[in-house]
Enquirer: 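Here it is: the structure, laid out below.
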Number of protein chains: 2
Amino acid sequence: MITYIIVKCENHDYAKNRRAMSNKNNKNKAVRLSDVAAEANVSVITASRAMRAPEMVTPETRARVAAAVSSLGYVPNPAAQALASARSRIIGVVIPSLTNQIFGDLLSGVMDALEGGPYTPQFVNTRYRLSREEDLLRIFATQRPAGMIVVGIDQTETARNLLRDMACPVVQVMETGSDPIDMIVGCDQRAAGREAVAHLLEQGYRNIGFLGARMDPRAQRRLAGYHDALADHGIRADANRVVTTPQPSSFTIGGQLLSDLLARAPDTDAVFCNNDDVALGALFECQRRGISVPHQMGIVGFNDLDVVSSSVPTITSVRTHRYDTGRQAVRMILAALAGEEISARHIDAGFDLMARQSTARRGPAPGATS
Amino acid sequence: MITYIIVKCENHDYAKNRRAMSNKNNKNKAVRLSDVAAEANVSVITASRAMRAPEMVTPETRARVAAAVSSLGYVPNPAAQALASARSRIIGVVIPSLTNQIFGDLLSGVMDALEGGPYTPQFVNTRYRLSREEDLLRIFATQRPAGMIVVGIDQTETARNLLRDMACPVVQVMETGSDPIDMIVGCDQRAAGREAVAHLLEQGYRNIGFLGARMDPRAQRRLAGYHDALADHGIRADANRVVTTPQPSSFTIGGQLLSDLLARAPDTDAVFCNNDDVALGALFECQRRGISVPHQMGIVGFNDLDVVSSSVPTITSVRTHRYDTGRQAVRMILAALAGEEISARHIDAGFDLMARQSTARRGPAPGATS
DNA sequence: CTGTTAGCGCTTTCAT
DNA sequence: ATGAAAGCGCTAACAG
């Protein structure tokens, strides 16, 4: 299917270019702190202090250094800084996947909050494997990161120790929990699942199923919330109505899961889906089968991606604040690095049930707008 | 909407922890190359060579060093390596956005291809701003990256010079072009747009519109391809049928764009959409208005996201190989760094028109599976 | 408030 | 094939 067409061939020698550049009148030689110091007529350490701790030098020297910095176009060498101080400016971010939109949202929040500051995020991908998470943390440890952000609370004991040994602020994100490594921001996945299913019960649905792909720890907690809600209403859970797969979630898999569910329990009248991908896939499957949503089948998704508020019908979902969680995690780390008193080490970012047409069995359907 | 609940308050002193650790019997002190050398009874430089250039030392010393490395658990310090060699192990990746799924796919390919090797990707986000791209490249320059991957071919001249001055392999991705900075892998966006619209013409549609959100350079080229195809068939383009917005693309905006188009040109019988988000949004809008797809309206998307092959009807789209492009870009960089002869500096990753139900006006509709 | 002196852990260069 | 010496550019620790 993929075709590679060779259009042009010619080889470069990067090392040669580099050499050529260095020889050419030092033209491309990096400006060092000592150059700035010479220009400003101060010692190297004074120049350094003028930038890192302005209040420790006189305003006059500060200005001279600033002038030298901008006239020479000085930019510090991060490798030298890291080596000398045994601390890098890197904020490590450990996520389980990049192909899921929700992690993109989280990363956007992290990036935006870090923008303009001296710290740089570095993302790694565990692919949902705990052993890989440990390996990645060991690599991060050698970098002496300024801070760490990790998804979830299900790290192995080894991973927790690695994080603690980094002796830097650590924020766990996307969940809440009573025993965080250091700080935590996210939402209570189980409570959110419970509320989603409670909503279906309020709407009069009774034979409620659960569709789950991937079934990572957060999906497991949402499933626990599903059982909580049924128990709250004195409904006995039917194992046939819980259909899961270890495969990654996708729109396509949502349709398959619904088919499986209907084969096992044809009288199912509503489904709580692991996430919006699955929910939309389930909606499409209903359309294919001529099952009317919300009348014959109620559907609730999770995450409130943009797509569920524009589909026909719009899909009820639980909004989670992923972008904001990313920003908040960074703010917590920056505050800790600045030595500020951290008032909130454990933040519940909350969630919001967005009731829409896909569950509006009784009463007038909410409008198409979220 | 968002609630922050303070659950627990207590402050840590990371610096104190760090100090405590260092004092405790050197327990947590990093293993250095000199420790390995001492253990293996060789000089520091020999130990270094045993790892970086095994063929330069006797197999016997190589084995001794290897034993020392694993018994001590040595991991090199990247900051020291970067400082001494004036080269980091960082591969810089400059993308315009993280909230668009297609860049997530690209990053996945990059990450996967880099996995296990000594190089680390570092992602930055320009938010589609050329000035920000320049700033980010200046920051990368101080890191002496091992390689660079940048999206697109529309860098400013300043940005191109910054990239050249890094004297490292540079790969432009997602497009083709005759004047790349160094290497390039991607597809011909204009040709892809042309083929998409040619397909609509073949299916008998004549009043074909274009819906575009964001309108970044790649979207502009796809629009050029739209005009190409119309010209090929001797159809005069109608400016009223080209509806675009600078807003970011989303499912919701797709519906709005279609509404705008129908207000301006009610006799439109098909749309080529900038991307699949817009296409699906347009499909939903058709469903809301009772417009039958593909009979009254043909729809073609772009990128072939998972969702368009499971929707009802399934949506015709142009598959682009984003994950593979990311892998390929990394392979090109690694080959260049290894000093290999690069046979293909310009790779066309191609595209595939995936004809589906949303354009099956004549003949039997293709099945729901892609 | 400012300066001096030592490194950080590795690679480079030049010897042997 | 191996080694000794000299930094890379910055910051920490201590003096003044």
Side-chain angles (χ1 to χ4, degrees), chain A residues 15 18-19 22 26 28-65 68-69 72-89 118 141-144 146, chain B residues 15 18-19 22-23 26 28-65 68-69 72-90 118 141-144 146:
Chain A
R18 207 186 324 162
R19 264 177 264 127
S22 333
N26 288 11
N28 235 294
K29 202 158 164 37
V31 183
R32 289 154 310 161
L33 191 50
S34 58
D35 302 328
V36 172
E39 177 83 6
N41 230 314
V42 292
S43 71
V44 169
I45 181 65
T46 302
S48 167
R49 274 200 281 252
M51 313 178 69
R52 293 181 302 146
E55 71 286 357
M56 289 181 71
V57 300
T58 58
E60 196 260 338
T61 32
R62 203 184 307 162
R64 280 221 311 287
V65 170
V69 164
L72 269 51
Y74 169 74
V75 192
N77 178 325
Q81 289 184 137
L83 182 57
S85 67
R87 266 298 159 204
S88 73
R89 301 283 199 185
T142 72
Q143 310 223 40
R144 305 292 201 137
Chain B
R18 206 185 326 163
R19 263 177 265 128
S22 333
N23 297 344
N26 287 13
N28 234 294
K29 202 160 165 36
V31 182
R32 288 155 310 163
L33 189 52
S34 59
D35 301 329
V36 172
E39 177 83 7
N41 231 315
V42 292
S43 72
V44 169
I45 178 61
T46 303
S48 169
R49 275 199 282 252
M51 312 178 70
R52 291 181 303 145
E55 71 285 358
M56 290 182 70
V57 300
T58 57
E60 196 259 337
T61 32
R62 203 184 307 161
R64 281 220 312 285
V65 170
V69 164
L72 268 50
Y74 169 75
V75 191
N77 178 326
Q81 290 185 137
L83 182 58
S85 67
R87 269 296 159 205
S88 73
R89 301 283 200 186
I90 289 170
T142 71
Q143 308 223 42
R144 305 293 201 135

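So that the names make sense, note that chain A is the first sequence line, chain B the second, and so on, each numbered from 1.
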Enquirer: Could you tell me the separation between the CG atom of D35(A) and the CD atom of E39(A), rounded to the nearest 0.5 Å?
Expert: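 Output value for this atom pair is 9.0 Å.
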Enquirer: Quick one: side-chain hydrogen bond (donor to acceptor under 3.5 Å, both in side chains) partners of E55(A), sequence neighbours excluded?
Expert: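 Result, side-chain hydrogen bond (donor to acceptor under 3.5 Å, both in side chains) vs E55(A): none returned.
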Enquirer: Nearest 0.5 Å please: distance from the CZ atom of R52(B) over to the CD atom of Q81(B).
Expert: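 Rounded to the nearest 0.5 Å, the CZ-CD separation comes to 8.0 Å.
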Enquirer: Given dT2(C), is OP1 or OP2 found less than 4.0 Å from the side-chain N or O atoms of T46(A)?
Expert: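 For T46(A), the contact criterion (side-chain N or O under 4.0 Å from OP1 or OP2 of dT2(C)) is not met.
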Enquirer: Quick check for you: to the nearest 0.5 Å, what is the distance between M56(A) atom CE and S48(A) atom OG?
Expert: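 Between atom CE of M56(A) and atom OG of S48(A) there are 10.0 Å.
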Enquirer: Starting at atom CG of N41(A), determine the distance to atom C1' of dC1(C), rounded to an integer number of angstrom.
Expert: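 Distance, rounded to whole Å: 16 Å.
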Enquirer: Tell me which of A47(B) and A82(A) sits closer to the 5' end of DNA chain D, going by the nucleotide each one is nearest to.
Expert: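 Closest to the 5' end, via its nearest nucleotide, is A47(B).
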Enquirer: Under the side chain to side chain contact (heavy atoms under 4.5 Å, CB included) test, which residues partner A141(B), sequence neighbours left out?
Expert: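 Listed in chain order: M166(B).
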Enquirer: Using a cut-off of strictly less than 4.0 Å, decide whether S43(B) has a side-chain nitrogen or oxygen near OP1 or OP2 of dA4(D).
Expert: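 Answer is no, no contact under 4.0 Å.
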Enquirer: Mind checking the OH-CE spacing from Y74(A) to M51(A)? Nearest 0.5 Å is all I need.
Expert: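 Y74(A) OH to M51(A) CE: 5.5 Å, rounded to 0.5 Å.
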Enquirer: Specify the separation, in whole Å, of atom CD of E60(A) and atom C1' of dC1(C).
Expert: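 About 12 Å, once rounded to whole Å.
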Enquirer: Looking at residues at least two apart in the chain, or sitting in another chain, which of them share a side-chain hydrogen bond (donor to acceptor under 3.5 Å, both in side chains) with S34(B)?
Expert: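 Once residues adjacent in sequence are excluded, S34(B) has no partner under the side-chain hydrogen bond (donor to acceptor under 3.5 Å, both in side chains) criterion.
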Enquirer: By side chain to side chain contact (heavy atoms under 4.5 Å, CB included), which residues pair with T61(A), not counting sequence neighbours?
Expert: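 Counting only residues at least two positions away or on another chain, T61(A) forms a side chain to side chain contact (heavy atoms under 4.5 Å, CB included) with V42(A), V57(A), T58(A), R64(A).
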Enquirer: Write down the distance between CG (L83(B)) and P (dG7(D)), rounded to a whole number of angstrom.
Expert: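 After rounding, the reported distance stands at 14 Å.
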Enquirer: Would you mind building the protein contact string for nucleotides 10-16 of chain C? One character per nucleotide, 5' to 3', B for base within reach (heavy atoms under 4.0 Å), S for sugar-phosphate only, - for untouched.
Expert: BBB----
Enquirer: Which whole-number value in Å describes the distance from L72(A) CG to dG9(D) C1'?
Expert: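 It is 15 Å, rounded to the nearest whole Å.
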Enquirer: Over the length of the helix from dC1(C)-dG16(D) to dT16(C)-dA1(D), how much do the five-pair end axes diverge, rounded to 10 degrees?
Expert: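 Roughly 30° between the end axes, to the nearest 10°.
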